[in-house]
Colleague: 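Take a look at the following structure, please.
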Amino acid sequence: MKIFAYGIRKDEEPSLKKWEQANPNIEVGFTKYTLTADSARLAEGASGVVTLQTSPYTREALTVLNKLGIKFISIRNVGFDNFNFKDLNDLGFTLTNVPVYSPNAIAEHTVLLMGRLLRRVPEFDEKFDNGDFTWAPTIGKEYREQTVGVIGTGHIGRVVIKILQGFGAKVVAYDVYHNEDIEKQGLYVDSLEELYKQSSIVTLHVPLFNSNKYMIDDQAISQMKDGVYLINCARGELVDTDALIKGLDSGKIAGAGLDVLDDENSVFGKVWSSINNIPNEKIKNLAKRTNVIITPHSAFYTETAIHNMITTSFDSNKALIEGLKPSNIIDTTK
Ligand code: NAD
Ligand code: COI
């Protein structure tokens, strides 16, 4: 039995080696390349593939895997919005994800982005670079004075809430499905409009679907408080970048913490030497602002997360090959 893995990085290799040692009856092959129509044929001889990428999984690549007789794909991450379910169904694939590799990794990053904005850290850094060790005008705000609107109270959103409560922030939440604990605490508001009305910080923790693409648009922003902060550690396409830029220009939005961006694959994962060389004008516009913090889709990137991503994805792929039905199979019929 063989599993072939795509996009394996050096930092994943120790966990991968451990998994191989614990599963000596399984042959593991891997490449650093992502899964494309060209690299797909590297999986020849494997029964399943394990993969991780933010770029789309193309029908061409999946067709090559299908022709190699591969039926099982296990992603090492949470979000599966870069798959077209019709392609998976047409070609008879079963897909698993890693639903809970470390919600804390993303939640901690989210709250850090908020804190860096509230305490104006990028502006202090700029002053520091100029040898300026003074206080004014970079006066900060405290968490306990904030009302944070958490959109999505799944695994990550709930950890964000817990951390924020530790800092003394007031939390309001919105989700299409209510979590019992969050419900008991009375945190839910009935509509996004109500959440926008109350929140001094809005943070996104929902998956991306066709139905919520650009949910943060001109209209949503117009419903928010003046001087709101926006945090997005979920998916770039949830936010209309033009609307965000307009909101920042007008001062309606006081600042943004963005781990994900629309069209991020044009910029992330590469070295540009200077933000002046970024080949995407909208991202460059955001990157030049001291009230915008951009991180390269790295909220997940911790030692704990990487280990769990490798272990769970390989365990799931092995289970599928053995004819089992792991609980993390994605329902691609919806
Ligand atoms: P989850 O499935 O546990 O929670 C998602 C929540 O969103 C659920 O409670 C669901 O009911 C709710 N939801 C779905 N659609 C909604 C809508 N339109 N409006 C309101 N609520 C809605 O997922 P999670 O583990 O909390 O992850 C959330 C998202 O974070 C993932 O889908 C992924 O896109 C993103 N993510 C980002 C990183 C990163 O490194 N930046 C890492 C992991 C996950
Ligand atoms: C996810 O797990 O969904 C992420 O966004 C992490 C990234 C490595 C794809």
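Heavy-atom basis, side chains included; hydrogens, waters and symmetry copies ignored. Whatever order the structure lists them in is the order used to number ligands and atoms, beginning at 1.
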Colleague: Using non-hydrogen atoms of the residue, decide whether A234 is closer than 4.0 angstrom to ligand 1.
Modeller: yes
Colleague: In order of chain and number, which residues sit within 4.0 Å of ligand 2 by heavy atom?
Modeller: L52, T54, N77, V78, G79, Y101, R235, H297, F300
Colleague: For E237, is there an ion pair with R235 - N to carboxylate O distance below 4.0 angstrom?
Modeller: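 The answer is no: the pair does not qualify as a salt bridge.
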Colleague: Keeping to residues at least two apart or across chains, list the salt bridge (Lys or Arg N to Asp or Glu O under 4.0 Å) pairs with something in residues 202-220.
Modeller: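 Those involving residues 202-220 are D218-K246.
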Colleague: So H297 and F268, ring-ring contact (aromatic ring centres under 6.0 Å, His included) or not? Walk me through it.
Modeller: CA-CA 8 Å; H297 203 146; F268 287 179; 7.2 Å; no
Colleague: Going by atom type alone, with no hydrogens or angles, which donor-acceptor pairs under 3.5 Å involve a side-chain atom of residues 105-113 and a protein atom two or more places apart or on another chain?
Modeller:
unit_1	atom_1	unit_2	atom_2	d
H109	NE2	T295	OG1	2.9
T110	OG1	I106	O	2.7

Colleague: Heavy atoms only, cut-off 4.0 Å: how does I156 contact ligand 1, side chain, backbone, both, or neither?
Modeller: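 Both parts.
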Colleague: Just to confirm my output: which protein heavy-atom neighbour is closest to atom 36 (N) of ligand 1, and how far is it?
Modeller: R235 NH1, 3.8 Å
Colleague: Test your reading of the structure: does I106 have an N or O sitting under 3.5 Å from an N or O of ligand 1?
Modeller: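 It does not: no N or O of I106 is found under 3.5 Å from an N or O of ligand 1.
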Colleague: Which residue from T54, D175, V160 reaches closest to atom 6 (C) of ligand 1 through any of its heavy atoms?
Modeller: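 Heavy atom nearest to atom 6 (C) of ligand 1 belongs to D175.
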Colleague: State plainly whether the residues E145 and K170 are in salt-bridge range, i.e. N to O under 4.0 Å.
Modeller: no
Colleague: So does K284 pair up with E281, basic N to acidic O under 4.0 Å?
Modeller: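 Looking at K284 and E281, the cut-off is met.
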Colleague: Applying a strict 4.0 Å limit to heavy atoms, is F209 in contact with ligand 1?
Modeller: yes
Colleague: Output yes when the distance from some N or O of ligand 1 to some N or O of D259 is under 3.5 Å, and no in every other case.
Modeller: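 Yes, at least one N or O pair falls under 3.5 Å.
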Colleague: For C233, is at least one N or O under 3.5 Å away from an N or O on ligand 1?
Modeller: yes
Colleague: Can you pull the salt bridge (Lys or Arg N to Asp or Glu O under 4.0 Å) pairs that have at least one residue in residues 251-280, sequence neighbours excluded?
Modeller: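 Salt bridge (Lys or Arg N to Asp or Glu O under 4.0 Å) check on residues 251-280 returns D226-K252.
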Colleague: I'd like to check which ligand 1 atoms, numbered from 1 as shown, lie under 4.0 Å from a non-hydrogen atom of P207.
Modeller: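 Ligand 1 atoms under the 4.0 Å threshold to P207: 5 (C), 7 (O), 14 (C), 32 (O).
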Colleague: Kindly identify the option in L195, V206, T302 whose heavy atom sits closest to atom 13 (N) of ligand 1.
Modeller: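 Comparing heavy atoms across L195, V206, T302, the nearest one to atom 13 (N) of ligand 1 lies in V206.
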